[in-house]
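All ligand and atom numbering here is 1-based and tracks the order in the structure. The residues of the chain are indexed from 1 along the displayed sequence.
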Amino acid sequence: MNDESIYAEASKDRAAFWAKLAREGIDWFKEWDENYQWEPPYYRWFINGKLNMSYNALDRHIKTWRRNKAAIIWVPEPPNEKERVLTYFDLYREVNKFANVLKSLGVRKGDRVGIYLPMIPEVQIAMLACARIGAIHNVVFSAFSSKSLQERMLDAEAKVLVTVDGYYRRGKQINLKAEAEKGVEGTPIQKVVVVKRMGMDVNMVEGRDYWWHELMKDAGNYCEPEVMDSEDILYLLYTSGTTGKPKGVEHHTGGYAVQAYWTTKWDFDIHDDDVFWCTADIGWVTGHTYGCYGPLLCGATMVEYEGAPNYPQLDRWWSIVEKYGVTVFYTAPTAIRMFMQWGEEWPNKHNLNSLRILGTVGEPINEEAWLWYFNKIGGGRCPVIDTWWQTETGGTLINSLPGIGPFIPTVAGRSFPGTSHDILDESGNSMGIGEGGYLVQKNPFAPGMLRNVWRNPARYKEYFSVYAEKFYFTSDGARRWDELGNIRLTGRVDDVMKVAGHRLSTAELENAINSYEAVVESAVVAAPHDIKGEVPIAFVTLKPDVAPSDQLKKELIKHVDATIGPTARPDKIVFSSELPKTRSGKIMRRILKSLIRNQSVGDTTTLMNPESVEYLKKEIGYKE
Ligand code: ATP
Ligand code: MG
C-alpha cells in the first residue's frame, strides 16, 4: 500500500504520473503517442492509445486464476429467493453473448443503447457488452418515469433499449416494461430487449420487443472486442439534477478506465480477498464507476443488491454485510442519517466485524453522521473515506487514502495523487488556510473527467470559462483546511450566503444544527433580507420521537450561537418530517430557496418525494 511519498512523487509531473498508472493498471492493444494535450477548453489523454474496456474488465482476468473468482454476488430483494453468483468466467460468457445479440440487432460502434434496468446482473452485462462492441450506453435510473426515459433517449438518439419485465421494490412488484413502453414512444428506438426477472405478464410488440433469454439462446460465445481509441466515447450519463436541468455528461474510454481502476484500488485499498459493496444505484455515476467498472477492472468481488434497505426489516443491509462478509462498504450520507434515525439496535443485531473500510459520497457528511458511521457501523476500526467527486469527474478526486489519512470528520482530504485543486475568490486569488472560496481543478485535468456535454458544447465550455480557461470550475464551495492540502467541502456555490458581509456555508451551518441531539438532518438556504443582505433559513427534520415546538426552535438557535456564533443564527426554523430530495438522496436546496422566495420550483422530474414540497408550501404559506 501507499504511503505519504505517493503525493510528492505524483506532483513532480502529473501527466507522467498518470501515464505510469495507465501502463501499470490497464492493458492496451497499442500504447499512446503522447500522454496529454490541452487545447482549451478541450483536453485529451493517452493520444492514439488503443484499448477495450470489457477486455480489461473481463478477458484479462479469465486468463488468470481469477477465472473462477466471484465477480458479482447478486442478492435479490425477497429474502427467501436465492442469491446468484457470477464468476469472472460467467460474466465473460454472458457479456460476449449479449455483445453478439446487440450486433445482431444492428448496433454498431458509436451507436447509443439505452439501459433502463434495476439492480440485476443484466445491467452490468449490458453495459460491458456495449463497451465490448464500442456502442455508447446511456443508463437511466429505473425509478425514473417514462418521461425522463423518453427525454434521455431522444437526446441520445438511442437505437436499442434494454429493460426488464419488472422487479421488486420494498416487497412490491414494479412493472417496468409498462413504463419503458411509454418511454420509447416518439424516440428513434427500434428494438427493445426485455429481461425476464419476474415472469410478469407484459405486452410484447411484435418486431420490436424481444426476450433477452431467447436472443441469448442462440448467441455465439465469443465476440471480438472492438479496438477503441482512448478518446472514443464509453458512455453518456446525466447528472443528478440537484441544481437544475440534468446535463448529459460524456466519458471517454482510456482516461476513464485509468481513473476508475486506480481510484477503486487506492481509495478502498482493494485486495483479492475483499468483498466490495457500493450501495449506489447503477443509474448514478457512483454505480457506474464503483458498482461496475472500477471493481471489475480490479478483479474484485462485489455485492449487488436488488432492493430497499428496509425490506423486510430495517436491518437488511447489515444482514447482507454479515452474510457475505463485506469488507469494503460505500454509501451516501443520506443513507447513514436514515439508519441513525432508525436506531443502532438494527446494525447491533449483526456481526459487522468483516468490515475494514467505509466510504461515503454524494453530499457533505456532517460530523454526527460521520461519527455514527465510524463507531456504530465500523466499530471504531475502519477509516471513513469521504470521497468528493461529481458525475463530471468520472471518479473520486478529493479524499483521504486508507493507511495515509488524515481522517477528520467533515474534511474530505487531499487531491487524489496526480490531481490538484485550488480554492479561489471571485477574482481568481488563492485563498489562505482556514479561508473559504470556490473549488477549482488545475490543469492537467484528471483523466476520467468529462470530455463534453452531449450535444451541448456550450454547456461544457461553461465549466472552463468561469476562470478564463485556466481551471475547471466545480460549482462547489470549499475551505482550505491545512498546509498539507486537506480540503473541507462547504456546499454548492449557489448556496453560499453572505450575511452582513460574512460568508456562511450551508454545510457548516447544517453541521452545527445536525449536532443538536433532537435533529436528524437539516437544509439551510439563504433568504433575501433588507438590512443584512441575506439571512439563513433552516429546514429541520427532527428525530421521530421529538415533538416540534417553539421552545425547541429557541434552543436550536442557542445551540447555533454557541457552536458557530450569532451571525450564523437562522432567521427562521421550519420543521418538516422530510426534506425534498433527488432520487439519489441529495437534499434539493434549490427547491427550498424557490419556496421561500415564492418562486416557481422549476424542474422536479428528479425529485424523490414531491409530497414534501406540498407540505412545505402549506407550512410556510407559499403563494404561487
Ligand atoms: P446537478 O449537477 O445536475 O445539479 P449534482 O451536482 O447533484 O446534480 P452529481 O454529479 O451526482 O450531480 O453530484 C455531484 C455533487 O455532489 C458535487 O458537485 C457536490 O456538490 C456533491 N458531493 C458529492 N460528494 C461529496 C462529498 N463527499 N462532500 C461534499 N459534497 C459532495
Ligand atoms: Mg453538479
message: Once ring pair (Phe, Tyr, Trp, His ring centres under 6.0 Å) is applied, do any residues pair with W38, and if so which ones, sequence neighbours excluded?
response: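 In terms of ring pair (Phe, Tyr, Trp, His ring centres under 6.0 Å), with neighbours along the sequence ignored, W38 is linked to F445, F464.
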task: Mind jotting down which protein residues get a heavy-atom contact under 4.0 Å with ligand 1? Chain and number order, please.
output: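 Protein residues near ligand 1 are T239, S240, G241, T242, T243, K247, V361, G362, E363, P364, D386, T387, W388, W389, Q390, T391, E392, D476, L489, R492, K586.
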- prompt: Is it true that the NZ or CZ of R152 lies under 6.0 Å from the centre of Y238's six-membered ring and within 45 degrees of the ring axis?
  reply: yes
Under 3.5 Å, which donor-acceptor pairs link side chains of residues 367-375 to any protein atom two or more places apart or in another chain?
unit_1	atom_1	unit_2	atom_2	d
Y373	OH	G359	O	2.8
N375	ND2	L371	O	3.0

- prompt: Quick one: are the ring centres of Y256 and Y235 less than 6.0 Å apart?
  reply: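 Yes, ring centres under 6.0 Å apart.
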task: Measure up the H288 and H137 rings against each other and bin them: parallel (under 30°), tilted (30 to 60°), perpendicular (over 60°).
output: tilted
Those residues that, when tested against M119, pass side chain to side chain contact (heavy atoms under 4.5 Å, CB included) (two or more places apart): D281, I282, E304
